[in-house]
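Below is one structure; the comments refer to it alone.
This structure is a prediction, so every number in the text was calculated from the model and none was measured. Letters go in sequence order (proteins before strands), and every chain restarts at 1.
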Protein chains: 2
Amino acid sequence: MNYITIKDVAKRLNLSVSTISRAFNDKYDIKKETKDVILETAKEMGYRPNPMAKKLIQRRSFNIGIVVPEFINGYFPEVIIGAQEILFEKGYQVLITQSNECFETELKNVQTLENNMVDGLLLSISCETSNTEYYQKLVKNGLPIVLFNRVNKDLNTSKVLFNDYKWAFFATEHLITQGYKKIVCLKGADNLSLSHERVRGFTDAFKKHKTIITKDKIIPTGFYAEDGMRVAEAMIKNNDIPDAIFACNDPTAIGAMKVFKKNGYRIPDDIAFVGFTESKMADLIDPPLTSVSQPTLDIGREAAKLLIEQIENRTGSHLPQTVTLNGQLNIRESSVRI
Amino acid sequence: MNYITIKDVAKRLNLSVSTISRAFNDKYDIKKETKDVILETAKEMGYRPNPMAKKLIQRRSFNIGIVVPEFINGYFPEVIIGAQEILFEKGYQVLITQSNECFETELKNVQTLENNMVDGLLLSISCETSNTEYYQKLVKNGLPIVLFNRVNKDLNTSKVLFNDYKWAFFATEHLITQGYKKIVCLKGADNLSLSHERVRGFTDAFKKHKTIITKDKIIPTGFYAEDGMRVAEAMIKNNDIPDAIFACNDPTAIGAMKVFKKNGYRIPDDIAFVGFTESKMADLIDPPLTSVSQPTLDIGREAAKLLIEQIENRTGSHLPQTVTLNGQLNIRESSVRI
DNA sequence: TTGTAAGCGTTATCAA
DNA sequence: TTGATAACGCTTACAA
C-alpha cells in the first residue's frame with residue numbers, strides 16, 4: 001500500500017532519515033523551520049510512517065484489544081461504545097474481537113491481538129472458558145488486562161463488576177413485597193460467576209423474608225429466548241406454574257412471557273416477571289418488563305480508565321483494583337400487582 | 001512480552017537463524033529431523049515468531065478488517081459471525097471496528113486497520129458517509145475491499161447486497177392484498193441507498209396496483225424505536241391514522257406499535273404493521289411482527305468469500321462483482337386481516 | 001541542530 | 001541441506 005518511506009522524504013529534502021524521524025516525533029531538538037518543511041513535504045508526498053517498523057522497535061502500538069464472547073445481545077456493544085469513548089480520547093485505537101462463546105476462538109482472538117502488539121486487553125470471557133492458564137501467563141508477562149462482566153477469580157487483574165448479588169436480591173425482594181409466593185429463578189450459564197451471584201441474591205432475599213426456598217425453584221435455563229420458552233412450556237405441561245419468575249436475563253424472561261401469554265395466562269395477574277441486564281426490548285414488549293438495568297456505558301468507561309492507568313504507569317508496581325458498579329431496578333407492569 | 005527471538009533459538013541449537021526460519025515456514029528444503037528438533041525446542045523455549053517483523057518484510061498480515069457503522073441492532077453482529085466463519089476457515093483473523101455512525105471515527109478505524117496491514121477490508125459505511133474520496137484512494141492503491149449492505153455507488157468494488165427493492169415491493173404488496181388502503185411508509189436514513197431502494201419498492205407496489213400514492217405518505221423517520229414512537233404520536237395527535245404502516249426497519253415499526261397499542265388501537269384490526277430487516281424481537285412482541293428477514297449470515301459469508309478471492313488472486317486483474325441476496329417475508333399477526 | 005550507524009526480528013538471496 | 005548477509009522502515013545513541 002504505502003510505498004513512500006522515510007528515506008524518500010529524506011532524499012527529496014536532502015536531509016538524513018533521522019531528521020525526518022525527529023520531525024515526526026517531536027521530542028528531539030529540531031529547528032522549527034526544518035520541521036515545518038518536512039511535515040509539509042511529507043504530507044504532500046503522501047508519506048505515513050510505517051507502524052510495523054515503529055512497533056517493531058518500540059514494542060508499543062497504541063492499540064487496545066477488546067475481547068467479548070458475543071455481541072448480539074446489545075449488552076457488550078454498549079460496553080464497547082463506552083470503552084471506545086475513553087480510549088479514543090486518550091489516543092488509543094480499538095480492535096474488537098468476538099468469540100461466539102467459543103473458548104478456542106477466544107484464544108485465537110487474544111493471540112491475534114497480541115500479534116498486533118496491543119498495549120492492553122479489555123476482556124470478558126466466554127461461558128466455555130474455565131481454563132485460564134493462558135491468561136495467567138499473559139498477566140505474569142506483564143500484559144495489562146482488565147476483566148469486565150464475565151470474570152474469573154483465578155485471574156489477578158483489575159476488574160469492573162456489576163453488583164449482581166445486590167440487584168438480584170432487590171429484584172427478588174420486589175417480587176416478594178408485591179405478595180408473590182411461589183417464585184422461581186431461571187438461572188443462567190453455569191460456568192459464569194455472575195450466574196451464581198444472581199442466584200445467591202435470589203436465595204438470600206428468600207432467607208431474609210423467612211420463606212423457605214426449595215432446590216427445585218432454581219431452574220437452569222440458559223441465555224436465549226428459546227431457553228425461556230422451553231422452560232415455560234415445561235411448566236405448563238407439568239401444570240406447575242409459579243406466581244412469579246425471576247429470570248437471570250431479559251431474553252429468557254421474554255421468551256417465557258411469550259409462551260405464557262400464548263397459553264392464555266395474564267401478566268402479571270397470573271404470573272409476574274422480572275428480568276436482568278435490561279435490554280432495549282424490556283420497554284417495548286407488552287406488558288413492559290421489570291428489569292435490572294446495568295450501567296453498560298460506565299462499565300466500558302471504567303474498564304478503559306483502569307486499563308489506561310495501568311498501561312501508562314507501567315514502571316510503578318501495579319495493584320489490581322476492582323470497581324463494582326451499581327444498577328437500577330426499573331419496575332414496570334410485568335411485576336406490579338394491581 | 002515475547003522476548004525470545006529467532007536468534008535465541010538459533011544459538012541454543014547451534015544453527016543459523018535462516019534454518020530456524022525455514023523450519024517455521026515450511027516452503028524451504030529442510031531436513032525433517034532438524035525441523036522437528038527446531039519446532040520442539042522452540043515450543044519448549046516459548047518462542048513465537050514476531051509478527052511485526054514478519055509483516056514488515058512481507059507486507060502481509062493474514063488479518064482482515066471489518067468496519068461497521070453500529071452493532072446494537074443485531075444485524076451487523078450476525079453478518080460478522082458469517083464472515084468470521086469463512087475467514088477463520090481460510091486462516092484469516094478478524095479485526096472488528098465500529099464507528100457509531102460517525103464518519104470521522106470510521107475513517108480513523110480504517111486507518112488503524114491499514115496500520116495493522118490488514119490484507120483486506122469488509123466495509124459497511126456509516127449513514128454520515130457521503131465523501132468516499134479516501135476509500136477511492138484505497139481502492140486505487142489496490143487494497144482489496146468488499147462493501148456490504150451499506151454501499152456507495154461511487155465505489156467500484158465488489159459488493160454484497162440485499163434486494164431491498166424487491167422485498168419492499170413484496171412487503172407492500174402483501175399489505176395491499178390484505179385490503180389495506182391507506183398505507184404509510186416510514187423511511188430510513190436519507191444518505192443510504194438502501195433507504196431509497198425500499199421506498200422505491202413501496203412506491204412501485206402502489207403503482208402496480210393502480211393506487212395513487214401521494215408524497216406525504218412517505219414519512220422520514222430514522223433508525224430507532226424512538227423515531228417510530230415520535231411519528232406514531234404525531235399521527236395520533238393529528239388524528240391522521242393510516243390503515244397500515246410499512247416501516248423501513250423493525251425498531252421503528254415496534255416503537256410505533258407500542259404507541260398505538262398504548263392508545264388503545266388494536267393491531268392489526270385498527271392498524272397493521274410490517275417491518276424490515278427482521279430482528280429477534282419480531283417474533284417475541286405482541287402481536288408478532290411481519291417483517292422481511294435478511295440472510296445475514298450469508299451476507300457475511302459471501303462478502304468474505306469475495307474478499308478472499310480478490311486477495312489471493314492479486315496477480316490476475318480483478319473484476320468487481322456484485323452479489324445480490326434474497327430474503328423472505330415472514331408473515332405474522334401484525335399484518336393479517338382476520 | 002543535524003548526520004551516521006546500529007539495531008528491532010524477521011525473510012530472502014546467494015553461496016557454500 | 002545449511003549459513004552469511006542484506007534487506008524491510010523505522011528509532012536512537014553518539015558523533016559532528
Side-chain angles (χ1 to χ4, degrees), chain A residues 1-39 41-43 45-63 111-112 114-119 141, chain B residues 1-39 41-43 45-63 111-112 114-119 141:
Chain A
M1 289 289 315
N2 200 8
Y3 295 110
I4 300 126
T5 78
I6 201 171
K7 281 183 196 164
D8 300 322
V9 183
K11 221 168 272 171
R12 165 86 151 259
L13 287 170
N14 250 317
L15 288 168
S16 74
V17 286
S18 26
T19 309
I20 313 297
S21 174
R22 279 177 194 117
F24 273 89
N25 307 275
D26 34 26
K27 51 184 169 179
Y28 276 92
D29 293 330
I30 180 175
K31 197 158 68 181
K32 189 168 179 318
E33 293 162 34
T34 16
K35 183 175 164 178
D36 291 344
V37 181
I38 291 173
L39 257 32
T41 0
K43 189 169 183 185
M45 295 175 70
Y47 166 71
R48 266 194 353 216
N50 179 322
M52 292 303 133
K54 212 168 186 164
K55 286 187 205 177
L56 183 58
I57 284 183
Q58 297 185 332
R59 294 154 173 275
R60 170 99 202 252
S61 70
F62 275 98
N63 283 177
Q111 281 163 2
T112 306
E114 278 183 83
N115 289 349
N116 285 295
M117 296 213 166
V118 291
D119 296 347
N141 285 346
Chain B
M1 288 290 315
N2 197 10
Y3 295 111
I4 299 126
T5 77
I6 200 170
K7 282 182 195 164
D8 301 322
V9 183
K11 221 168 274 170
R12 166 86 151 260
L13 286 170
N14 252 318
L15 286 168
S16 74
V17 284
S18 10
T19 309
I20 313 298
S21 176
R22 279 179 195 115
F24 274 88
N25 307 273
D26 34 27
K27 52 183 169 181
Y28 277 92
D29 292 330
I30 181 175
K31 196 160 66 182
K32 192 172 176 318
E33 294 160 34
T34 16
K35 184 175 164 179
D36 291 344
V37 181
I38 291 174
L39 257 30
T41 0
K43 190 170 183 183
M45 296 175 71
Y47 166 71
R48 266 194 354 216
N50 180 321
M52 291 304 133
K54 209 169 187 161
K55 286 187 204 178
L56 183 57
I57 214 166
Q58 295 187 329
R59 294 153 174 276
R60 172 96 201 253
S61 70
F62 275 95
N63 282 177
Q111 281 162 4
T112 305
E114 279 182 82
N115 289 348
N116 284 295
M117 294 211 170
V118 291
D119 296 347
N141 284 347

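Five base pairs at each end of the helix from dT1(C)-dA16(D) to dA16(C)-dT1(D) define two local axes, and these are offset by 40° (rounded to 10°).
One finds a side-chain N or O of Asn25(A) lying less than 4.0 angstrom from the OP1 or OP2 phosphate oxygen of dT11(D).
Put simply, the residue from Ile38(B), Leu39(B), Val37(B) that forms a side chain to side chain contact (heavy atoms under 4.5 Å, CB included) with Lys35(B) is Leu39(B).
In this entry the distance linking CE of Met52(A) with C1' of dC8(D) reads 12 Å, nearest Å. In this structure, Ile4(A) places its CD1 atom 16 Å from C1' of dC8(D), rounding to the nearest Å. Regarding Ile57(A), its CD1 atom lies at a distance of 4 Å from the C1' atom of dC10(D), rounded to whole Å. Atom P of nucleotide dT5(D) and atom NZ of Lys7(B) are separated by 13 Å, given to the nearest angstrom. Here dG7(C) presents its P atom at 18 Å from CG of Asn50(B), a figure rounded to the nearest Å. Between the P atom of dT2(C) and the CD1 atom of Ile6(A) lies a distance of 14 Å, rounded to the nearest Å. Following rounding to the nearest Å, Arg60(A) (CZ) and dC10(D) (C1') show an atom-to-atom distance of 17 Å.
Note: Thr19(B) OG1 to Leu13(B) CG = 10.0 Å, rounded to the nearest 0.5 Å. Atom CD in Gln111(B) sits 5.0 Å away from atom CZ in Arg48(A) (nearest 0.5 Å).
The side chain of Tyr47(B) has dT10(C) as its nearest neighbour among dT10(C), dG9(C), dC8(D).
With sequence neighbours excluded, the residues satisfying salt bridge (charged side-chain N to carboxylate O under 4.0 Å, His left out) with Lys32(B) are Asp36(B). With sequence neighbours left out, Phe62(A) forms a side-chain contact (heavy atoms from CB on, under 4.5 Å) with Arg60(A), Tyr92(A), Asp119(A).
Shown for residues 13-24 of chain A: residues whose heavy atoms fall under 4.0 angstrom of DNA chain D, namely Ser18(A), Ser21(A), Arg22(A). The stretch residues 30-39 of chain A touches DNA chain C through Ile30(A), Lys31(A), Thr34(A), each having a heavy atom within less than 4.0 Å of the strand.
Side-chain atoms of Ser18(A) and Ser21(A) form no donor-acceptor pair, as typed in the model, at a separation below 3.5 Å.
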Distance-only check: which donor-acceptor pairs under 3.5 Å involve side-chain atoms of residues 51-58 of chain B, not counting sequence neighbours?
from     : atom 1 : to        : atom 2 : distance (Å)
Lys55(B) : NZ     : Asn116(A) : OD1    : 2.7
Lys55(B) : NZ     : Asn116(B) : O      : 3.4

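Using a 4.5 Å cut-off on side-chain heavy atoms (C-beta onward), Ile20(A) and Lys7(A) make no contact. Between Thr5(B) and Asn50(B), the closest side-chain pair of non-hydrogen atoms is not below 4.5 Å.
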